[in-house]
Amino acid sequence: MAAESKAYAKPLPHLDEENRPWWEALKRHELYLQRCRDCGATRYYPRALCPECLSSQTEWLRSRGAGKVYTFTTTWQNATPGFRESLPYVLAYVELDEGLKLLTNIVDCPPEQVRIGMPVTVVFDDVTPEVTLAKFRPVP
Amino acid sequence: MSLRGKAAIVGAWEHPTRFAPNKTMFQIMAESARGALDDAGLTIKDVDGLCTTGVGMGWMGLLGFCDYLNLTPSYVDSTAIGGSSFVAHTAHAAAAIAAGLCETVLIVYGSTAASQRFAIGTGGVAGGGEPCDQYELPFGPTTVGSYAMIAQRHMHDYGTTPEQLAEVAVIARQHAALNPDAKYREPITVADVLASRIVSSPLHLLDCCMISDGGGAVVVTSAERARDLKKPPVYLLGAGEAVRHTARGTRDFLEVAAAQSGRLAFERAGVSHREIDLAMVYDSFTITVIVTLENLGFCKRGEGGAFVSGGRLRFDGDFPLNTDGGGLSSNHPGMRGMFLLIEAARQLRGEAGARQVRDCQIALVHGTGGNLGTRHSGATLILSNQVG
């Protein structure tokens, strides 16, 4: 039997010239946010221009990867390949300590124990050789 | 320029089908167009404007539909912002008519979502090509999950209960029992809703709208032309639309598009909340109704659960809502805004039979399109059978 695990079936992000640096940082297990050098607005997800002032002057901010569950749902039904074999799973928004919310999964925790306000920390899931996803688990 | 009283819905027809494996989408659309034009006492030759979403109709679907019905409109709009699209189209049609771009607009919808076994709510989220999708689809969002996260937060912040959510579904079913075309007409209780399986916590199966086939159409024309037609005009008094999204990571998720679109519609109509006799509010999920009513300003944020309780939403209650049975119990082919318009027209004309709201003169229609917990649109209309 081949050593490699079953092919990863869940949807993968499409990497392009605009987002590649962000995904490459995730591969190094580093989570970044962006801040506009002109108006100071922070943003998630990464994009080339500041949505507040349209400036292209961007700096990358390394997130500490700590935050709290803002809201969540335990998903019991999803026909998408990959997810239909992984039910139930927890879809959540995490509000990072830096103030921005991101969509993610809460892992390493029984779904019935997930609570809004629960402190969580990032866990880097290397789902393919090219792609790492930022998921979150409860702070012990 | 104000649109108040400039245009009216003069024809409205809901396709009675809820399951049509023997029909095509274009056929349902064409039958709906025929129904609405007959209702207005107009013919297809009177139509010089066309609105439809194009969604699921192929590449540039509006052109395909014009070809199918040999239409040569002078004004077209295929704004596609989800289930609210047809509500927005009605405002766009009124604006086009008031500006002299056309006189009679057909707004039309058809779908075979059920017979094609299209999993609207739990099939994962469609798309994949937009920048935002790259940061969402890998984590398994579904439409129901997006709304469920709003419900979870609402319960956490305000103590909204599963029983309060269930009340919305129970009343929808009571209304469906009075609508011969509704798909689900057997009474349900709060206990039945709570006993149904969880699809995406905290939402149960009976907190979710169905998937059906269906279609419908409305015809909008100038107030002047409307006076000579077969049915009493349903005037547009005010309209608003809005979008909400993740706001670069800063969104307050319990503030939804209805806050902006509703405020605009009320201001433009010159109508107060107390004057609304009927609310037709998109009920994709029970939570959608509660959060929408708060954002429209019918109650304060956090009070929506209490507001919908105690049978208040019944057609003969204090605040009649979704008197046709809604997407929860009558029909939901994917984009339900069309049926909000049609039921509002029926009620304002006094044609709603056993579920007729007494003395119904002013109705609010609010469509939500997309996913409340990621990106969505809101379109609000205030309609009346008279221009005060």
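Proximity to chain A is limited to the side chain of Arg197(B), based on heavy atoms less than 4.5 angstrom apart. Both the backbone and the side chain of Pro46(A) have a heavy atom closer than 4.5 Å to some heavy atom of chain B. Using a 4.5 Å cut-off between heavy atoms, Glu52(A) contacts chain B through its side chain alone, with no backbone atom that close. With a 4.5 Å cut-off on non-hydrogen atoms, Leu91(A) touches chain B through its backbone and its side chain both. For Thr374(B), the parts sitting under 4.5 Å from any heavy atom of chain A are the backbone and the side chain alike.
Between chain B and the options Leu100(A), Thr71(A), Asp16(A), heavy-atom pairs under 4.5 Å are most frequent for Thr71(A). Interface remark: of the candidates Leu33(A), Asn78(A), Thr80(A), Asn19(A), Asn78(A) forms the most heavy-atom pairs closer than 4.5 Å to chain B.
Taking the six-membered ring for Trp and the full ring otherwise, Phe139(B) and Tyr89(A) have centroids separated by 6.0 Å or more. The aromatic ring centres of Phe72(A) and Tyr93(A) sit 6.0 Å or more apart. In this structure, the ring of Trp22(A) has its center less than 6.0 angstrom from the ring center of Tyr135(B).
No donor-acceptor pair closer than 3.5 Å links the side chain of Glu18(A) to the backbone N or O of Arg47(A).
For the side chain to side chain contact (heavy atoms under 4.5 Å, CB included) with Met155(B), the lone residue among Ile287(B), Thr161(B), Ile150(B), Leu165(B) that qualifies is Leu165(B).
Cation-pi geometry between Arg301(B) and Tyr158(B) is not met at under 6.0 angstrom from the ring centre and within 45 degrees of the axis.
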